[in-house]
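This report refers to the structure that appears directly beneath it.
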4 protein chains.
Amino acid sequence: MPPKRSATREPRQTRSMQTKQQILAAGTKLFTEKGFHQTNSNEIAKAAGVAVGSFYAYFKDKKTLFIEIMKVHYEEQFRFIELPEENLAGVDRRAMIHRLIKSLAELHNIAPEIHQEQYYLAHTDADIQALIDEWDQAAHALILSYLQRWLADGYLRVKDLDTAVRLFGTTVEENIHALKFSKAEVNETRVINELTDMLCRYLFVEEKNKKSA
Amino acid sequence: MPPKRSATREPRQTRSMQTKQQILAAGTKLFTEKGFHQTNSNEIAKAAGVAVGSFYAYFKDKKTLFIEIMKVHYEEQFRFIELPEENLAGVDRRAMIHRLIKSLAELHNIAPEIHQEQYYLAHTDADIQALIDEWDQAAHALILSYLQRWLADGYLRVKDLDTAVRLFGTTVEENIHALKFSKAEVNETRVINELTDMLCRYLFVEEKNKKSA
Amino acid sequence: MPPKRSATREPRQTRSMQTKQQILAAGTKLFTEKGFHQTNSNEIAKAAGVAVGSFYAYFKDKKTLFIEIMKVHYEEQFRFIELPEENLAGVDRRAMIHRLIKSLAELHNIAPEIHQEQYYLAHTDADIQALIDEWDQAAHALILSYLQRWLADGYLRVKDLDTAVRLFGTTVEENIHALKFSKAEVNETRVINELTDMLCRYLFVEEKNKKSA
Amino acid sequence: MPPKRSATREPRQTRSMQTKQQILAAGTKLFTEKGFHQTNSNEIAKAAGVAVGSFYAYFKDKKTLFIEIMKVHYEEQFRFIELPEENLAGVDRRAMIHRLIKSLAELHNIAPEIHQEQYYLAHTDADIQALIDEWDQAAHALILSYLQRWLADGYLRVKDLDTAVRLFGTTVEENIHALKFSKAEVNETRVINELTDMLCRYLFVEEKNKKSA
DNA sequence: TATGAATGAGGTTTCATTCAT
DNA sequence: GATGAATGAAACCTCATTCAT
């Protein structure tokens, strides 16, 4: 049976790419469910439906697979986030912050445990640490660009921009993370609301004052 | 008399207690430097200057040692923190928040990596998760008692107390943690200042309004 | 597809089967020579000419290997023994008993120590006990079918068939076993002859009486 | 408080002997319950209520303890059995056999597992094997003396005395053992009856013939 | 490329025995 | 004598990785 060519070119993955994808998927699933150290390469291969040998044909070792997964995960993350600055001044700032937080929260639905695993492994692995640093810098640059715009427009209350960027980044990231991982019953909407409030009050001059002026 | 092996032998005598302390110290050091999975029992024993057999006489296994270290660490933490409520209404609230953050930061100087390790291991280990939950609840109770006092005194701006407690806890904890672990050059004083500002603006009605009134 | 680890990997391919056979052979040899507790897994692997890892790929643990050896041994045993009943009434009964004993003795030449080891391990291991019970029942059923035939033909002297079955089984089994293990010089032919006499006199009505009738 | 000397001298064991007895008792209990290899010296010491150090003060090693236990057990056995020959010719022979079997069965109530353990350990331990051989010889001598008496009195049917002795010893010993260890419901009285019948019919000329004469 | 059996270093844990007190 | 903490050789078992097919 010859391959049925359809009129529209279907960009099928080559067999090889497919295999690699299967391993990535299986790795993500297992690292996520059981953690890096609790998952072994035979298991990953089996879950991917390939032989261990193939695993090692595509990935130098287990760590390399993990790093590739991290990369995929972060690319996905930045694809979501990278809302470049618009020139709007009159835009509702609270809404912007809120949207930013929401999209971060969205991200964490993809593979929240990877984030955790990553931070853990970073502390004994320089390669992973380097990747994280790189991404942190990208995130900080993004936040900074927001703050600078607001500063230019006279809305910003904070003085120490660099520190504010850090604080913003960590606070959002970790509260979202806690939200996803808390065993306790937590209401997501309420947490995001309060978080938004906190950041707005911290960053911006109070609306009331303006109005009263 | 049946053997009745408890998870951990609990020594009264001095020599024995000393050995246990040595193992605890060595474990703390190594887990901290290289992480749980990168440290093995022989190594711990050697670092403690005892035979492996002694390790297993005092701790059922590596995990049990880790849990005991966590407990020691947390007890220390609570010894620092538990500043009971005073009845003062006129006290400087910013100063109180600042002090709270500072003491938390202090704590992290003891064994910051243990905290990280802990959260990591929790995600595949129910025993460790249980301990963390317990302590989180204690911390939340403490924060809540502060907020309720401020609420009673009419200083509090937030409505959703429960969520605010969570937000407060996570935000302080994680920013301090990030502070200690950031590879980048970070100025501790500045971070703590901004963090304090953020939390005050979030929690309290603005002073200016009062003054203007 | 979940891992679904069966206790023992069941190989189809030739190389793999060969390896398993080698391990079984080495295990049989060593358990036989030195006993279960005096033999360790590294040793077995080395004797089989494979790595320890392979040992554990094929057998969950040492006990599992032992159980498989038992099974092989017993299958062999039953292949020898299962002489189904014929309808002959006039057949020499002494000759039948003699043949039965001889074939049991034959069996014990295969791996006599395994039998001993087995009984020993049974007393602390339920799995092994279960296997032994199963085989005992099979053996008892076989003996019973002989006795019932002789009873029907009017040759049987004993009344309490169930007890006789037990007595017969144990007596043959253990005397053969003792024969094989006695350090003293024992003449096999003489023991088997006396054993045959004893069982015939116990089971059957005396020929002389018949003749005199 | 000075020791209260009673009028009658109470032959109290010295403290030292008492300790040794405790270890022997604990060893017997544990070897019996869990087997030699499944019992460790610390456990025995604890069960005996003494320190491990004391264990090794009284017994060179674990095996030595086992051998001492064996000896105690066998002495007890021979104290029961050694019914010296009487000169009686008219005594009921079946009753004698029956009594012999019964007393053997009695013995097995003391520490039946020791017997099993013993045979097992013998096969890798020469010292234990030597002891067993010694006792077997004693038992055989005893049985032989019975048979010779019956032979002299014209009651014996068997010709091959040496082999008969062996057969008798093994058959009684192992059937009693099986009786004690069978997991199945077995009626002790019935087994002992049949066993007695079997041995009588094997050994003795039939009564009926005599009577009819 | 794909396969999966085979490898063996290395980690975990036990326990018979010693020895300082 | 008694104690029991300490020892460390040796057993058990896992799993990242290789390599012959």
Side-chain angles (χ1 to χ4, degrees), chain A residues 14-16 19-20 37-46 49-65, chain B residues 9 11-20 22 37-46 48-63, chain C residues 9 11-20 22 37-46 48-63, chain D residues 14-16 19-20 37-46 49-65:
Chain A
T14 61
R15 183 134 175 286
S16 153
T19 301
K20 189 167 183 181
H37 288 102
Q38 284 71 40
T39 303
N40 68 319
S41 32
N42 286 282
E43 220 176 339
I44 297 171
K46 188 171 282 180
V50 302
V52 232
S54 300
F55 179 99
Y56 283 92
Y58 287 103
F59 301 93
K60 194 178 129 307
D61 53 24
K62 216 174 79 170
K63 192 183 102 183
T64 302
L65 170 62
Chain B
R9 198 202 293 173
R12 293 270 140 193
Q13 283 114 63
T14 11
R15 179 157 63 126
S16 170
M17 270 191 67
Q18 199 174 235
T19 301
K20 189 170 183 181
Q22 284 164 10
H37 287 103
Q38 284 70 40
T39 304
N40 68 302
S41 33
N42 283 290
E43 227 173 336
I44 298 170
K46 185 171 284 180
V50 302
V52 231
S54 298
F55 178 98
Y56 284 94
Y58 289 102
F59 302 94
K60 197 174 96 25
D61 52 22
K62 220 173 72 174
K63 191 182 107 183
Chain C
R9 197 200 293 174
R12 294 270 139 191
Q13 284 114 63
T14 11
R15 180 156 63 123
S16 172
M17 271 190 66
Q18 198 174 236
T19 302
K20 189 169 183 181
Q22 282 163 11
H37 287 103
Q38 283 70 41
T39 304
N40 69 300
S41 33
N42 282 291
E43 227 174 335
I44 297 171
K46 185 171 284 179
V50 302
V52 229
S54 298
F55 178 98
Y56 284 97
Y58 290 102
F59 303 93
K60 197 173 99 20
D61 53 21
K62 221 173 70 173
K63 191 183 108 183
Chain D
T14 61
R15 183 132 176 284
S16 154
T19 301
K20 190 168 183 181
H37 287 103
Q38 283 72 39
T39 303
N40 68 318
S41 33
N42 285 283
E43 222 176 338
I44 297 170
K46 189 171 281 180
V50 302
V52 231
S54 300
F55 179 99
Y56 283 93
Y58 287 103
F59 301 93
K60 195 178 132 303
D61 54 23
K62 219 173 76 170
K63 192 182 104 186
T64 303
L65 170 62

Next on the checklist: dA5(E), OP1 or OP2 - any side-chain N/O from Tyr58(C) closer than 4.0 Å?
Outcome noted: no
Item to check | Value in whole Å for how far the C1' atom of dT17(F) lies from CD1 of Ile44(A) | outcome: 13 Å
Next on the checklist: On a heavy-atom basis, which atom in Asp61(D) and which in Tyr56(D) lie closest, and how many Å separate them?
Outcome noted: CA-CE2, 3.9 Å
Item to check | Base-pair map of DNA chain E as dot-bracket, where | denotes pairing with a different strand and pairs are Watson-Crick or G-U under 3.5 Å | outcome: .||||||||||||||||||||
Checklist entry - Separation of Glu43(A) atom CD from dT17(F) atom C1', in whole Å? => result 16 Å
Item to check | Phe59(C) vs Ser41(C) side-chain heavy atoms within contact, under 4.5 Å | outcome: no
Checklist entry - Please give, in whole Å, the distance from dT21(E) P to Gln18(B) CD? => result 12 Å
Checklist entry - Hey, is the side chain of Tyr56(B) poking within less than 4.0 Å of OP1 or OP2 on dT7(F), counting only N and O atoms? => result no
Next on the checklist: Mind checking if Ser41(B) touches a base, just sugar-phosphate, or nothing, with heavy atoms under 4.0 Å?
Outcome noted: base
Checklist outcome for this item: When rounded to the nearest 0.5 Å, the distance separating NZ of Lys20(D) from CG of Leu65(D) is 9.5 Å
Item to check | Whole angstrom value for the distance that separates P of dT17(E) from NZ of Lys62(D) | outcome: 8 Å
Next on the checklist: Please find the pair of heavy atoms, one from Thr39(A) and one from Lys62(A), that lie closest to each other, and give the distance.
Outcome noted: O-NZ, 2.8 Å
Checklist entry - Quick one: on DNA chain E, does Lys60(D) or Gly49(C) contact a more 5' nucleotide (nearest heavy atom)? => result Gly49(C)
Checklist entry - Whole-Å distance between dT17(E) C1' and Leu65(D) CG? => result 15 Å
Item to check | Rounded interatomic separation in angstrom, taking CZ from Phe55(C) and C1' from dA11(F) | outcome: 12 Å
Checklist entry - In whole angstrom, what separates Lys46(A)'s NZ from dA5(E)'s C1'? => result 13 Å
Return the polar atom pairs (N/O with N/O) between nucleotides 8-10 of chain F and the protein under 3.5 Å, or none.
{"from": "dG8(F)", "atom 1": "N7", "to": "Gly53(B)", "atom 2": "N", "distance (Å)": "3.4"}

